[in-house]
Amino acid sequence: MSQRRRLTRSSNKIISGVLGGIAEYFGFSATILRVVFVILTIYPGHILIGLLVYLLLMTLIPRDTDHHGSNQPHNPFSGFGGGSGKQPRKTLHDVSEEDSDER
């Protein structure tokens, strides 16, 4: 029994996961796809068209709910220390301290 593949935005992302999702769907390197996309966008001088295509794909391709767990909006600043406060702090439990004889 095979699972049906879906084109979704990936958790392997730099901006929104569009190119990572496309690369995962077709089975090739996301880094190579990103480099090719940037070269094709900048080289011919069609930066505006490249940005519009990316924004259109970002709008049309759904998020990968398997990795996110929900379809809630992503905070783009969560990786910069401030975050949204949604992730709980890690705490230590049942910690004991013992003296060591090593000196």
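Along the sequence shown, the residues carry numbers beginning at 1.
Linking Ile, Leu, Val, Met, Phe, Trp and Tyr residues whenever their side-chain heavy atoms come within less than 4.5 Å leaves Tyr43 and Leu51 in two separate clusters. No single ILVMFWY cluster, assembled from side-chain heavy atoms under 4.5 Å apart, contains both Val53 and Val38. Placement of Phe28 and Ile14 within a single hydrophobic cluster is found when ILVMFWY residues are connected by side-chain heavy-atom separations under 4.5 Å, directly or transitively. Tracing side-chain contacts under 4.5 Å through hydrophobic residues (I, L, V, M, F, W, Y), one reaches Met58 starting from Phe37; they form part of the same cluster. Both Leu55 and Ile49 are assigned to one and the same hydrophobic cluster, defined by single-linkage of ILVMFWY side chains at heavy-atom distances under 4.5 Å.
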Verdict with reasoning, Tyr25 to Ser10, per side-chain hydrogen bond (donor to acceptor under 3.5 Å, both in side chains): CA-CA 10 Å; Tyr25 183 79; Ser10 174; over 6 Å; no
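There is no side-chain donor-acceptor pair under 3.5 Å between Thr41 and Tyr54.
Residue Arg34 holds its CZ atom at 9.0 Å from CD1 of Ile15, rounded to the nearest 0.5 Å. For the atom pair Ser16 OG and Arg63 CZ, the distance stands at 9.0 Å (nearest 0.5 Å). Note that NE2 of His46 is 11.5 Å distant from CG of Leu40, once rounded to the nearest 0.5 Å.
Remark: side-chain polar atoms of Arg9 are paired, donor with acceptor, to backbone N or O of Ile61 under 3.5 angstrom.
Of all heavy-atom pairs between Gly20 and Ala30, the closest is CA-CB, 4.0 Å. Residue Ile22 comes nearest to Leu57 through the heavy atom pair CD1-CD1, 4.2 Å, listed as atom of the first residue, atom of the second, then distance. Between Pro62 and Arg6, the shortest heavy-atom distance links the atoms CG-NH2, 3.9 Å.
Annotation: side chain to side chain contact (heavy atoms under 4.5 Å, CB included) contacts of Thr91 (sequence neighbours excluded): His93.
Other residues, nucleotides and ligands contribute only 12 or fewer heavy atoms inside 6.0 Å of the CD1 atom of Ile32.
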